[in-house]
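Atom set for the values below is all heavy atoms of this structure, side chains included, hydrogens, waters and symmetry mates excluded.
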Protein chains: 2
Amino acid sequence: MSGEAPREMRIGELARAGNVTPRTIRHYEQLGLLRPSERAASGYRYYTEHELARLKKIGRLKELGLSLEEISTVIDLYFEDPTGIRGKRKVIGILESHLREVRRRRSDLEQFERELEENIAKVRRFLAEAEHGQD
Amino acid sequence: MSGEAPREMRIGELARAGNVTPRTIRHYEQLGLLRPSERAASGYRYYTEHELARLKKIGRLKELGLSLEEISTVIDLYFEDPTGIRGKRKVIGILESHLREVRRRRSDLEQFERELEENIAKVRRFLAEAEHGQD
DNA sequence: ATTTACTTTGACGTAAACGTCAATGTTTTG
DNA sequence: CAAAACATTGACGTTTACGTCAAAGTAAAT
């Protein structure tokens with residue numbers, strides 16, 4: 001009725017699945033970013049799909065340009081269910097500042113995108129002219 | 001008829017305008033990324049608007065996740081006037097891959113923005129409920 | 001019961017991108 | 001022209017995000 005035997009894996013397998021190295025996973029653990037679901041008597045770390053999802057989320061947040069430390073301040077907002085009452089306003093404050101930052105970066109990227117399009121068009125024109133003349 | 005006296009500035013002013021430090025500018029110079037337009041007999045570096053534009057471009061390429069070394073291999077594509085004929089297609093190829101990257105990152109940011117908005121709304125709802133109940 | 005493959009905890013190493021003196025020279029300003 | 005503000009070249013320091021041993025224990029496969 002209850003436990004679906006949640007498919008455990010060790011650090012190597014998690015690393016392959018998450019496209020990182022075991023060292024990276026241990027590093028994340030040191031920063032408090034990703035803890036194993038269980039620790040065997042031997043000392044071996046065991047993980048489940050849940051930790052894999054978290055690992056992947058960390059990767060995406062990294063691609064956004066967040067440092068691991070920044071990630072550690074927000075990652076739980078994605079995984080903890082928000083039933084605690086304490087500090088809700090602070091959480092909102094943090095999320096809102098992240099939102100502002102994301103919007104700023106997005107508009108920077110839009111600007112850059114336009115510049116790139118212009119540059120490409122410019123080079124294309126030169127290319128076309130050149131092909132008309134000699135080659 | 002010719003020289004419009006192109007408004008020179010020293011490293012400190014360029015740094016402020018580009019929102020970096022003088023150290024950063026010297027570092028970029030060491031990497032061959034950004035050279036002063038002139039070097040006075042005193043040793044002082046002098047820059048113009050052209051170098052400021054270049055400095056800003058470096059910043060944007062950095063935000064794209066390029067390393068300074070990668071930037072040094074492509075930055076000239078943005079500033080050399082494209083009258084040379086050789087390698088135009090390669091240039092277009094690089095610019096287009098940058099464009100693809102920019103678009104990918106932009107859509108990632110959009111996704112993240114939506115997630116943030118959702119999370120904020122969610123926490124807000126919990127906050128409102130809690131205030132209804134006790135507090 | 002051995003190999004063989006994995007994992008553990010240190011602990012030192014590294015690459016990138018600057019930060020931060022220090023000692024000294026330069027430019028500007030009152 | 002003296003003081004304040006700014007710049008120069010070293011050169012060592014720092015942070016981030018891991019890489020890379022080493023020594024030793026554990027698990028899996030034959």
Side-chain angles (χ1 to χ4, degrees), chain A residues 5 7-48 51-52 54-75 98 101 105 108, chain B residues 5-48 51-52 54-75 101:
Chain A
R7 166 105 183 81
E8 301 231 310
M9 53 188 151
R10 301 190 306 209
I11 199 166
E13 196 178 345
L14 178 69
R16 276 188 299 276
N19 210 32
V20 299
T21 69
R23 177 65 176 91
T24 297
I25 294 173
R26 293 195 195 99
H27 183 55
Y28 290 176
E29 187 175 342
Q30 280 192 11
L31 303 186
L33 262 168
L34 181 67
R35 291 163 32 218
S37 71
E38 197 209 324
R39 203 67 165 173
S42 63
Y44 277 31
R45 293 165 174 86
Y46 285 89
Y47 302 90
T48 70
E51 282 76 42
L52 177 56
R54 194 170 166 114
L55 179 57
K56 285 179 174 170
K57 183 62 118 181
I58 292 171
R60 273 190 302 261
L61 290 173
K62 272 191 50 180
E63 283 195 26
L64 281 178
L66 303 203
S67 70
L68 294 182
E69 197 181 319
E70 289 170 321
I71 291 173
S72 75
T73 74
V74 297
I75 181 92
H98 276 260
E101 174 66 9
R105 294 176 56 165
D108 281 0
Chain B
R7 166 106 183 80
E8 301 231 310
M9 52 189 152
R10 301 189 306 207
I11 198 166
E13 194 178 346
L14 179 68
R16 275 189 301 276
N19 210 31
V20 299
T21 69
R23 177 65 176 91
T24 297
I25 294 172
R26 292 194 196 100
H27 184 54
Y28 289 177
E29 186 176 343
Q30 279 192 13
L31 303 186
L33 263 168
L34 180 66
R35 290 163 30 219
S37 73
E38 195 210 325
R39 202 68 165 175
S42 65
Y44 276 31
R45 293 165 176 84
Y46 284 89
Y47 302 91
T48 71
E51 281 76 40
L52 176 55
R54 194 168 166 114
L55 178 57
K56 286 180 174 171
K57 183 66 91 178
I58 292 171
R60 274 191 299 266
L61 290 172
K62 273 190 51 180
E63 283 195 24
L64 274 183
L66 302 203
S67 71
L68 294 181
E69 198 181 321
E70 288 170 321
I71 292 173
S72 75
T73 73
V74 299
I75 183 87
E101 177 66 9

Listing time: all N or O pairs from protein to nucleotides 23-25 of chain D that are below 3.5 Å?
unit_1	atom_1	unit_2	atom_2	d
D:dG25	N2	A:Y44	OH	2.5

> Between D:dA17 atom C1' and A:E63 atom CD, what is the distance in whole Å?
Replying inline: 15 Å
> Do you know which two heavy atoms are closest between A:S37 and A:E8, and how far apart they sit?
Replying inline: OG-OE2, 3.5 Å
Run the side-chain donor-acceptor check on residues 9-16 of chain B: report pairs under 3.5 Å with partners two or more places apart or on a different chain.
unit_1	atom_1	unit_2	atom_2	d
B:E13	OE2	B:R7	NH2	2.1

> Which heavy atom of B:P36 sits nearest a heavy atom of B:Y47, and at what distance?
Replying inline: CA-CE2, 3.4 Å
> Between C:dC18 atom C1' and B:L34 atom CG, what is the distance in whole Å?
Replying inline: 15 Å
> Can you tell me how far P of C:dT9 sits from CD1 of A:I25, to the nearest Å?
Replying inline: 13 Å
>> Using heavy-atom distances to pick each residue's nearest nucleotide on DNA chain D, tell me which of B:R10 and A:S67 is more 5'.
In response: B:R10
>> If I take atom CG from residue A:L61 and atom NZ from residue A:K57, how far apart are they, to the nearest 0.5 angstrom?
In response: 6.0 Å
>> Rounded to whole Å, please give me the gap between OH in B:Y47 and C1' in D:dT8.
In response: 11 Å
> Roughly how far, to the nearest 0.5 Å, is the OG1 atom of A:T48 from the CD atom of A:E38?
Replying inline: 10.5 Å
> Can you tell me how far C1' of D:dA17 sits from CD1 of A:I58, to the nearest Å?
Replying inline: 13 Å
> So which heavy atom on A:L68 is nearest to which on A:K62, and how close?
Replying inline: CD2-CD, 3.8 Å
>> Can you tell me how far apart CD1 (B:I58) and CD1 (B:I75) are? Round to the nearest 0.5 Å.
In response: 4.5 Å
> Can any side-chain N or O of B:R54 pair as donor or acceptor with the backbone N or O of B:L33 at less than 3.5 Å?
Replying inline: yes
>> Tell me whether the side-chain N/O atoms of B:R45 come closer than 4.0 Å to OP1 or OP2 in D:dA7.
In response: no
> Between D:dA17 atom C1' and A:L66 atom CG, what is the distance in whole Å?
Replying inline: 15 Å
> At under 4.0 Å, does any side-chain N or O of B:R26 touch on OP1 or OP2 of D:dT8?
Replying inline: yes
> To the nearest 10 degrees, what angle separates the axes at the start and end of the helix from C:dA1-D:dT30 to C:dG30-D:dC1, five pairs each?
Replying inline: 20°
> Atom CZ of B:R60 and atom CG of A:D108: how far apart are they, to the nearest 0.5 Å?
Replying inline: 8.0 Å
>> I want to verify a distance call: between D:dT8, C:dT8, D:dC6, whose nearest atom is closest to the B:R39 side chain?
In response: D:dT8
> Whole Å only: how far is the CG atom of B:L31 from the P atom of C:dA15?
Replying inline: 15 Å
Atom pairs and distances, donor-acceptor, side-chain atoms in residues 21-32 of chain B, under 3.5 Å, two or more places apart:
unit_1	atom_1	unit_2	atom_2	d
B:T21	OG1	B:R23	N	3.4
B:T21	OG1	B:T24	N	3.2
B:T21	OG1	B:T24	OG1	3.1
B:E29	OE1	B:R45	NE	2.6

>> What is the distance, to the nearest angstrom, from the CD atom on A:E70 to the P atom on D:dA17?
In response: 9 Å
> Tell me the side chain to side chain donor-acceptor pair (under 3.5 Å) pairs involving residues 64-74 of chain B, sequence neighbours left out?
Replying inline: B:S67-B:E70
>> Surrounding CZ of A:R35 (heavy atoms of other residues, nucleotides or ligands, distance under 6.0 Å), is the total greater than 12?
In response: no
Tabulate protein N/O versus nucleotide N/O from nucleotides 18-21 of chain D, keeping only pairs under 3.5 Å, one per line.
unit_1	atom_1	unit_2	atom_2	d
D:dC18	OP2	A:Y28	OH	2.9
D:dC18	OP2	A:K62	NZ	2.9
D:dG19	OP2	A:T21	OG1	2.7
D:dG19	N7	A:R23	NE	3.2
D:dG19	O6	A:R23	NH2	3.1
D:dT20	O4	A:R23	NE	3.1

